[in-house]
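For reference, the structure is listed below as C-alpha coordinates.
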Amino acid sequence: MYRIQIKDMDFEQIARSGQCFRMEPNEEEHGVWRIAASGRYVEAVKEDDVFLFSCGEKEFQDMWAGYFDLQTDYGGFKKRVDSEDSYLKEAMEWGWGVRILRQDLWEMLVTFLISQNNNITRITGSVKEICKRFGEKRIGLGLAVSSDGGWVERSKSYDAFPEPEDLSSAGLRGLAGLGLGYRDKYILSIAKACSGPEGREWLLRLKEADYTSAHSLLMEQYGIGRKVADCICLFGLHHVGAFPVDTHVRQILEVHYPQGFPLERYQEYAGILQQYMFYYKVNKIPRGKLGSI
DNA sequence: CTACAGGCTGGTG
DNA sequence: CACCAGCCTGTA
(Lines give C-alpha, C1' and ligand atoms only; values in the text may rest on other atoms or scores of the structure.)
Protein backbone atom coordinates (compact mmCIF):
# COMPACT_ATOMS: atom_id res chain seq x y z
CA MET A 1 0.00 0.00 0.00
CA TYR A 2 1.08 3.56 -0.57
CA ARG A 3 -0.15 6.66 1.19
CA ILE A 4 0.19 10.06 -0.44
CA GLN A 5 -1.21 13.54 -0.14
CA ILE A 6 -2.62 14.96 -3.37
CA LYS A 7 -4.24 18.34 -3.83
CA ASP A 8 -7.03 19.12 -6.29
CA MET A 9 -8.10 15.51 -6.86
CA ASP A 10 -11.39 13.69 -6.33
CA PHE A 11 -12.28 10.29 -7.80
CA GLU A 12 -16.02 10.95 -7.78
CA GLN A 13 -15.58 14.12 -9.79
CA ILE A 14 -13.10 12.61 -12.24
CA ALA A 15 -15.36 9.61 -12.75
CA ARG A 16 -18.31 11.90 -13.49
CA SER A 17 -16.41 14.23 -15.78
CA GLY A 18 -16.95 12.05 -18.83
CA GLN A 19 -13.29 11.46 -19.68
CA CYS A 20 -12.94 8.06 -18.05
CA PHE A 21 -15.32 5.12 -18.03
CA ARG A 22 -13.30 2.57 -16.06
CA MET A 23 -13.24 4.19 -12.64
CA GLU A 24 -16.03 2.98 -10.40
CA PRO A 25 -16.93 2.55 -6.75
CA ASN A 26 -16.22 -0.88 -5.30
CA GLU A 27 -19.65 -2.13 -4.30
CA GLU A 28 -18.19 -4.50 -1.70
CA GLU A 29 -16.04 -1.99 0.16
CA HIS A 30 -17.60 1.36 0.90
CA GLY A 31 -15.42 4.27 -0.12
CA VAL A 32 -13.08 2.19 -2.26
CA TRP A 33 -12.58 3.06 -5.93
CA ARG A 34 -11.66 0.52 -8.59
CA ILE A 35 -9.41 1.92 -11.29
CA ALA A 36 -8.35 -0.01 -14.40
CA ALA A 37 -6.11 1.49 -17.05
CA SER A 38 -3.41 0.49 -19.53
CA GLY A 39 -3.61 -3.17 -18.51
CA ARG A 40 -3.13 -2.36 -14.82
CA TYR A 41 -5.41 -2.19 -11.85
CA VAL A 42 -5.42 -0.40 -8.53
CA GLU A 43 -7.87 0.40 -5.76
CA ALA A 44 -7.81 3.50 -3.62
CA VAL A 45 -9.52 5.26 -0.76
CA LYS A 46 -9.47 8.95 -0.01
CA GLU A 47 -9.79 11.00 3.12
CA ASP A 48 -9.74 14.71 2.34
CA ASP A 49 -6.49 15.16 0.44
CA VAL A 50 -4.81 11.96 1.65
CA PHE A 51 -5.03 8.90 -0.60
CA LEU A 52 -4.27 5.26 0.10
CA PHE A 53 -3.48 3.10 -2.92
CA SER A 54 -3.39 -0.70 -3.05
CA CYS A 55 -0.06 -0.69 -4.91
CA GLY A 56 3.50 -0.15 -3.71
CA GLU A 57 5.43 3.09 -4.01
CA LYS A 58 7.34 2.00 -7.12
CA GLU A 59 4.20 0.93 -8.97
CA PHE A 60 2.59 4.19 -7.95
CA GLN A 61 5.45 6.32 -9.20
CA ASP A 62 5.93 4.28 -12.38
CA MET A 63 2.28 4.12 -13.36
CA TRP A 64 -0.32 5.95 -11.34
CA ALA A 65 1.43 9.25 -10.62
CA GLY A 66 1.57 9.81 -14.37
CA TYR A 67 -1.97 8.53 -14.89
CA PHE A 68 -3.36 11.07 -12.42
CA ASP A 69 -1.19 13.80 -13.94
CA LEU A 70 0.36 14.61 -10.58
CA GLN A 71 3.20 16.60 -12.10
CA THR A 72 0.67 19.24 -13.11
CA ASP A 73 -0.45 21.89 -10.63
CA TYR A 74 -4.18 22.27 -11.17
CA GLY A 75 -4.38 24.92 -8.50
CA GLY A 76 -2.32 27.07 -10.84
CA PHE A 77 -5.02 26.98 -13.54
CA LYS A 78 -7.61 28.15 -11.04
CA LYS A 79 -5.51 31.23 -10.31
CA ARG A 80 -4.88 32.03 -13.95
CA VAL A 81 -8.47 32.29 -15.16
CA ASP A 82 -10.06 35.69 -15.72
CA SER A 83 -11.21 36.88 -12.29
CA GLU A 84 -14.27 38.47 -13.94
CA ASP A 85 -15.36 35.22 -15.60
CA SER A 86 -17.92 34.18 -13.00
CA TYR A 87 -19.14 31.09 -14.86
CA LEU A 88 -15.66 29.62 -15.19
CA LYS A 89 -14.86 30.47 -11.58
CA GLU A 90 -18.04 28.74 -10.40
CA ALA A 91 -17.32 25.73 -12.58
CA MET A 92 -13.79 25.36 -11.21
CA GLU A 93 -15.00 25.76 -7.67
CA TRP A 94 -17.69 23.13 -8.20
CA GLY A 95 -15.32 20.67 -9.86
CA TRP A 96 -12.24 21.44 -7.77
CA GLY A 97 -11.08 17.80 -7.94
CA VAL A 98 -11.28 17.31 -11.72
CA ARG A 99 -8.01 16.51 -13.51
CA ILE A 100 -7.16 15.36 -17.03
CA LEU A 101 -6.00 11.78 -16.71
CA ARG A 102 -3.20 10.46 -18.93
CA GLN A 103 -5.03 7.50 -20.37
CA ASP A 104 -4.03 4.94 -22.96
CA LEU A 105 -4.39 6.12 -26.56
CA TRP A 106 -5.88 2.91 -27.95
CA GLU A 107 -8.43 2.75 -25.15
CA MET A 108 -9.43 6.35 -25.82
CA LEU A 109 -9.85 5.70 -29.55
CA VAL A 110 -12.39 2.97 -28.83
CA THR A 111 -14.04 4.76 -25.93
CA PHE A 112 -14.67 8.04 -27.72
CA LEU A 113 -15.87 6.35 -30.88
CA ILE A 114 -18.48 4.77 -28.63
CA SER A 115 -19.24 8.12 -27.00
CA GLN A 116 -20.62 9.82 -30.11
CA ASN A 117 -24.33 10.62 -30.00
CA ASN A 118 -24.50 8.53 -26.82
CA ASN A 119 -24.97 8.97 -23.09
CA ILE A 120 -22.55 8.31 -20.25
CA THR A 121 -24.51 5.38 -18.78
CA ARG A 122 -24.53 3.52 -22.06
CA ILE A 123 -20.90 4.34 -22.85
CA THR A 124 -19.83 2.93 -19.48
CA GLY A 125 -21.87 -0.21 -20.07
CA SER A 126 -20.44 -0.79 -23.53
CA VAL A 127 -16.84 -0.30 -22.38
CA LYS A 128 -17.38 -2.66 -19.47
CA GLU A 129 -18.92 -5.33 -21.71
CA ILE A 130 -16.10 -5.02 -24.24
CA CYS A 131 -13.53 -5.61 -21.50
CA LYS A 132 -15.54 -8.47 -20.04
CA ARG A 133 -16.00 -10.20 -23.38
CA PHE A 134 -12.63 -9.59 -25.05
CA GLY A 135 -10.21 -8.46 -22.34
CA GLU A 136 -7.77 -10.70 -20.52
CA LYS A 137 -8.92 -11.79 -17.06
CA ARG A 138 -6.25 -10.74 -14.59
CA ILE A 139 -5.63 -10.67 -10.86
CA GLY A 140 -4.68 -7.39 -9.25
CA LEU A 141 -4.49 -5.94 -5.78
CA GLY A 142 -7.46 -4.37 -4.09
CA LEU A 143 -8.25 -3.02 -0.63
CA ALA A 144 -10.25 -4.59 2.17
CA VAL A 145 -11.02 -3.62 5.75
CA SER A 146 -8.77 -5.46 8.20
CA SER A 147 -9.76 -6.82 11.60
CA ASP A 148 -8.40 -3.75 13.36
CA GLY A 149 -10.43 -1.45 11.11
CA GLY A 150 -7.52 -0.38 8.90
CA TRP A 151 -6.92 -1.33 5.28
CA VAL A 152 -5.18 -4.41 3.94
CA GLU A 153 -4.36 -5.55 0.41
CA ARG A 154 -6.44 -8.29 -1.08
CA SER A 155 -6.21 -9.90 -4.51
CA LYS A 156 -8.99 -8.90 -6.88
CA SER A 157 -9.84 -10.00 -10.40
CA TYR A 158 -10.41 -7.53 -13.19
CA ASP A 159 -10.75 -7.40 -16.97
CA ALA A 160 -7.99 -5.73 -18.93
CA PHE A 161 -8.93 -3.61 -21.92
CA PRO A 162 -8.69 -5.83 -25.02
CA GLU A 163 -5.91 -5.44 -27.58
CA PRO A 164 -6.71 -4.17 -31.10
CA GLU A 165 -6.32 -7.71 -32.47
CA ASP A 166 -8.90 -9.03 -30.00
CA LEU A 167 -11.52 -6.70 -31.46
CA SER A 168 -10.52 -6.90 -35.13
CA SER A 169 -10.70 -10.69 -35.06
CA ALA A 170 -14.11 -10.52 -33.39
CA GLY A 171 -15.68 -9.00 -36.47
CA LEU A 172 -19.03 -7.24 -36.61
CA ARG A 173 -20.84 -10.34 -35.38
CA GLY A 174 -18.53 -10.58 -32.39
CA LEU A 175 -19.20 -6.96 -31.53
CA ALA A 176 -22.96 -7.44 -31.51
CA GLY A 177 -24.91 -7.21 -28.28
CA LEU A 178 -22.60 -4.66 -26.68
CA GLY A 179 -24.98 -1.76 -27.14
CA LEU A 180 -22.70 -0.19 -29.72
CA GLY A 181 -25.46 0.36 -32.26
CA TYR A 182 -24.23 1.76 -35.57
CA ARG A 183 -20.83 2.52 -34.00
CA ASP A 184 -19.82 -1.14 -34.26
CA LYS A 185 -18.34 -0.62 -37.73
CA TYR A 186 -16.27 2.32 -36.49
CA ILE A 187 -14.84 0.22 -33.67
CA LEU A 188 -13.99 -2.61 -36.04
CA SER A 189 -12.33 -0.18 -38.44
CA ILE A 190 -10.13 1.43 -35.77
CA ALA A 191 -9.26 -1.99 -34.35
CA LYS A 192 -8.00 -3.05 -37.77
CA ALA A 193 -6.06 0.21 -38.13
CA CYS A 194 -4.32 -0.38 -34.80
CA SER A 195 -3.63 -4.09 -35.27
CA GLY A 196 -0.28 -5.67 -36.06
CA PRO A 197 3.12 -4.00 -36.44
CA GLU A 198 1.73 -1.39 -38.85
CA GLY A 199 -1.05 -0.54 -36.43
CA ARG A 200 1.37 -0.12 -33.57
CA GLU A 201 3.53 2.10 -35.77
CA TRP A 202 0.51 4.26 -36.57
CA LEU A 203 -0.24 4.61 -32.86
CA LEU A 204 3.37 5.59 -32.26
CA ARG A 205 3.27 8.23 -35.00
CA LEU A 206 0.11 9.60 -33.43
CA LYS A 207 1.82 9.88 -30.06
CA GLU A 208 4.78 11.72 -31.53
CA ALA A 209 2.67 14.15 -33.56
CA ASP A 210 1.81 17.63 -32.36
CA TYR A 211 -1.82 18.59 -31.76
CA THR A 212 -2.58 19.79 -35.28
CA SER A 213 -1.00 16.78 -37.00
CA ALA A 214 -2.56 14.35 -34.55
CA HIS A 215 -5.99 15.89 -35.09
CA SER A 216 -5.82 15.51 -38.87
CA LEU A 217 -4.42 11.98 -38.61
CA LEU A 218 -7.38 11.09 -36.42
CA MET A 219 -9.90 12.75 -38.74
CA GLU A 220 -8.77 10.38 -41.52
CA GLN A 221 -10.25 7.48 -39.57
CA TYR A 222 -13.74 6.16 -40.27
CA GLY A 223 -16.14 7.40 -37.62
CA ILE A 224 -13.82 10.03 -36.16
CA GLY A 225 -14.95 13.59 -36.72
CA ARG A 226 -13.84 16.89 -35.29
CA LYS A 227 -15.26 16.44 -31.81
CA VAL A 228 -14.13 12.85 -31.25
CA ALA A 229 -10.68 13.73 -32.62
CA ASP A 230 -10.46 16.54 -30.09
CA CYS A 231 -11.46 14.21 -27.25
CA ILE A 232 -8.79 11.72 -28.25
CA CYS A 233 -6.21 14.51 -28.49
CA LEU A 234 -7.18 15.74 -25.03
CA PHE A 235 -7.68 12.47 -23.16
CA GLY A 236 -5.49 10.04 -25.12
CA LEU A 237 -2.59 12.30 -26.11
CA HIS A 238 -2.82 14.92 -23.37
CA HIS A 239 -2.86 17.85 -25.79
CA VAL A 240 -4.54 20.06 -23.22
CA GLY A 241 -4.97 22.88 -25.73
CA ALA A 242 -7.62 20.78 -27.52
CA PHE A 243 -11.13 22.10 -26.87
CA PRO A 244 -13.81 19.54 -27.75
CA VAL A 245 -17.17 21.18 -28.45
CA ASP A 246 -20.09 18.82 -27.89
CA THR A 247 -23.76 19.57 -27.35
CA HIS A 248 -23.20 20.49 -23.70
CA VAL A 249 -20.26 22.77 -24.34
CA ARG A 250 -22.07 24.33 -27.30
CA GLN A 251 -24.98 25.16 -24.98
CA ILE A 252 -22.59 26.60 -22.40
CA LEU A 253 -20.96 28.78 -25.05
CA GLU A 254 -24.34 29.98 -26.34
CA VAL A 255 -25.61 30.97 -22.89
CA HIS A 256 -22.48 32.16 -21.09
CA TYR A 257 -20.16 33.20 -23.89
CA PRO A 258 -22.34 34.77 -26.60
CA GLN A 259 -19.31 36.77 -27.75
CA GLY A 260 -17.27 33.57 -28.02
CA PHE A 261 -15.08 31.73 -25.53
CA PRO A 262 -11.68 33.42 -25.11
CA LEU A 263 -9.72 30.53 -26.67
CA GLU A 264 -6.74 32.77 -27.43
CA ARG A 265 -6.27 33.64 -23.79
CA TYR A 266 -6.40 29.99 -22.72
CA GLN A 267 -4.72 28.48 -25.79
CA GLU A 268 -2.27 26.44 -23.72
CA TYR A 269 -4.86 24.73 -21.51
CA ALA A 270 -8.35 25.35 -22.89
CA GLY A 271 -9.11 21.62 -22.70
CA ILE A 272 -8.66 21.63 -18.95
CA LEU A 273 -11.11 24.50 -18.59
CA GLN A 274 -13.52 22.72 -20.92
CA GLN A 275 -13.42 19.77 -18.55
CA TYR A 276 -14.42 21.91 -15.55
CA MET A 277 -17.27 23.47 -17.52
CA PHE A 278 -18.51 20.13 -18.81
CA TYR A 279 -18.46 18.61 -15.34
CA TYR A 280 -20.26 21.62 -13.88
CA LYS A 281 -23.02 21.58 -16.47
CA VAL A 282 -23.61 17.85 -16.32
CA ASN A 283 -23.38 17.39 -12.53
CA LYS A 284 -24.52 20.54 -10.76
CA ILE A 285 -27.87 20.11 -9.10
CA PRO A 286 -30.41 22.17 -11.04
CA ARG A 287 -32.45 24.68 -9.07
CA GLY A 288 -35.97 23.40 -8.58
CA LYS A 289 -34.97 19.80 -8.80
CA LEU A 290 -33.50 19.69 -5.33
CA GLY A 291 -36.71 18.30 -3.90
CA SER A 292 -36.94 15.41 -6.32
CA ILE A 293 -33.52 13.98 -5.53
C1' DC B 1 -45.68 8.49 -27.76
C1' DT B 2 -41.34 11.94 -28.52
C1' DA B 3 -36.80 13.83 -27.39
C1' DC B 4 -32.24 13.29 -26.54
C1' DA B 5 -27.63 11.34 -25.61
C1' DG B 6 -20.05 14.44 -25.13
C1' DG B 7 -21.67 13.15 -33.75
C1' DC B 8 -20.47 11.23 -38.06
C1' DT B 9 -21.29 9.81 -42.79
C1' DG B 10 -22.86 10.51 -47.16
C1' DG B 11 -25.74 12.96 -50.28
C1' DT B 12 -27.61 17.39 -51.97
C1' DG B 13 -27.89 22.40 -53.24
C1' DC C 1 -18.55 25.37 -49.13
C1' DA C 2 -23.08 24.77 -46.02
C1' DC C 3 -26.77 22.03 -44.91
C1' DC C 4 -29.14 17.95 -43.20
C1' DA C 5 -31.51 13.26 -43.05
C1' DG C 6 -30.50 9.01 -41.10
C1' DC C 7 -28.50 6.26 -37.85
C1' DC C 8 -28.55 2.09 -33.03
C1' DT C 9 -30.62 2.08 -28.70
C1' DG C 10 -31.64 2.96 -23.81
C1' DT C 11 -33.73 6.39 -20.77
C1' DA C 12 -36.66 10.22 -19.29
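Everything numeric in this text was worked out from a predicted model, so none of it was measured. In what follows, chains are A, B, ... by sequence order, proteins preceding strands, each numbered from 1. The basis for the numbers below is simple: all heavy atoms, side chains too, and nothing from hydrogens, waters or symmetry mates.
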- Query: In terms of the nearest nucleotide of DNA chain B, which residue is placed more toward the 5' end: A:Gly223 or A:Ile120?
  - Reply: A:Ile120

- Query: Looking at A:Asp10 and A:Arg99, does any basic side-chain N land under 4.0 Å from a carboxylate oxygen?
  - Reply: no

- Query: Rounding to a whole Å, what distance do you find between A:Lys281:NZ and B:dG6:P?
  - Reply: 9 Å

- Query: Checking all strands, does A:Phe278 fall into the base, sugar-phosphate, or nothing category for heavy-atom contacts under 4.0 angstrom?
  - Reply: base

- With heavy atoms under 4.0 Å as the rule, sort A:Ser126 into base, sugar-phosphate or nothing. nothing

- Give a yes or no on whether a salt bridge exists between A:Glu24 and A:Lys128, defined as a side-chain N under 4.0 angstrom from a carboxylate O. yes

- Item | Integer angstrom distance from the C1' of C:dG10 to that of B:dT9 | 23 Å

- A:Glu59/A:Arg40 ion pair, N-O < 4.0 Å: yes

- Given atom CZ of A:Arg250 and atom P of B:dC8, what is their separation to the nearest angstrom? 12 Å

- Would you indicate what A:Gln221 reaches in the nucleic acid, counting non-hydrogen atoms under 4.0 angstrom: base, sugar-phosphate, or nothing? sugar-phosphate

- Atom P, compared across B:dG6 and C:dC4: separation rounded to whole Å: 24 Å

- Residues passing the ring-ring contact (aromatic ring centres under 6.0 Å, His included) test with A:His239, sequence neighbours excluded, are none

- Using only heavy-atom distances, determine whether the side chains of A:Asp148 and A:Ser146 contain a donor-acceptor pair under 3.5 Å. yes

Polar atom pairs (N or O), protein with nucleotides 4-11 of chain C, under 3.5 Å:
{"from": "C:dC8", "atom 1": "O4'", "to": "A:Tyr182", "atom 2": "N", "distance (Å)": "3.1"}
{"from": "C:dC8", "atom 1": "O2", "to": "A:Arg122", "atom 2": "NH2", "distance (Å)": "3.3"}
{"from": "C:dC8", "atom 1": "O2", "to": "A:Arg183", "atom 2": "NH1", "distance (Å)": "3.0"}
{"from": "C:dC8", "atom 1": "N3", "to": "A:Arg183", "atom 2": "NH2", "distance (Å)": "3.4"}
{"from": "C:dC8", "atom 1": "N4", "to": "A:Asn117", "atom 2": "ND2", "distance (Å)": "3.3"}
{"from": "C:dT9", "atom 1": "O4'", "to": "A:Arg122", "atom 2": "NH2", "distance (Å)": "3.3"}
{"from": "C:dT9", "atom 1": "O2", "to": "A:Arg122", "atom 2": "NH1", "distance (Å)": "2.3"}

- Name all stems that contain residues of DNA chain C, defined as runs of 3 or more consecutive Watson-Crick or G-U wobble pairs, both distances under 3.5 Å. B:2-5 with C:9-12, B:7-13 with C:1-7

- Task: Can you tell me the distance, in whole Å, between the CZ atom of A:Arg226 and the C1' atom of B:dT9?
- Result: 17 Å

- Query: A:Phe68 vs A:Trp64 aromatic rings, parallel, tilted or perpendicular, using cut-offs 30° and 60°?
  - Reply: tilted

- Message: Once you apply a heavy-atom cut-off of 4.0 Å, does A:Ile224 come out as touching a base, just sugar-phosphate, or nothing?
- Response: sugar-phosphate

- Task: Check the distance between B:dG7's C1' and A:Ile123's CD1 and give it to me in whole angstrom.
- Result: 11 Å

- Message: Just verifying a value: how many Å separate A:Arg102 CZ and A:Tyr67 OH, rounded to the nearest 0.5 Å?
- Response: 12.5 Å

- Protein-nucleotide distance (A:His215, atom NE2; B:dC8, atom C1'), rounded to Å: 13 Å

- Carboxylate-amine/guanidinium proximity below 4.0 Å for A:Arg154 and A:Glu29: yes

- Task: Report the nucleotide, chosen from B:dC8, B:dG6, B:dG10, that has the shortest atom-to-atom distance to any side-chain atom of A:Val228.
- Result: B:dC8

- Quick one: A:Glu220 CD to B:dC8 P, roughly how many Å, whole number? 15 Å

- Query: For the atom pair CZ (A:Phe112) and CD1 (A:Ile123), what is the distance rounded to the nearest 0.5 Å?
  - Reply: 7.5 Å

- Expressed in whole Å, how much space separates the P atoms belonging to C:dC8 and B:dG11? 15 Å

- Using salt bridge (charged side-chain N to carboxylate O under 4.0 Å, His left out) as the criterion, point out the one residue from A:Lys132, A:Arg138, A:Lys137 that pairs with A:Asp159. A:Lys137

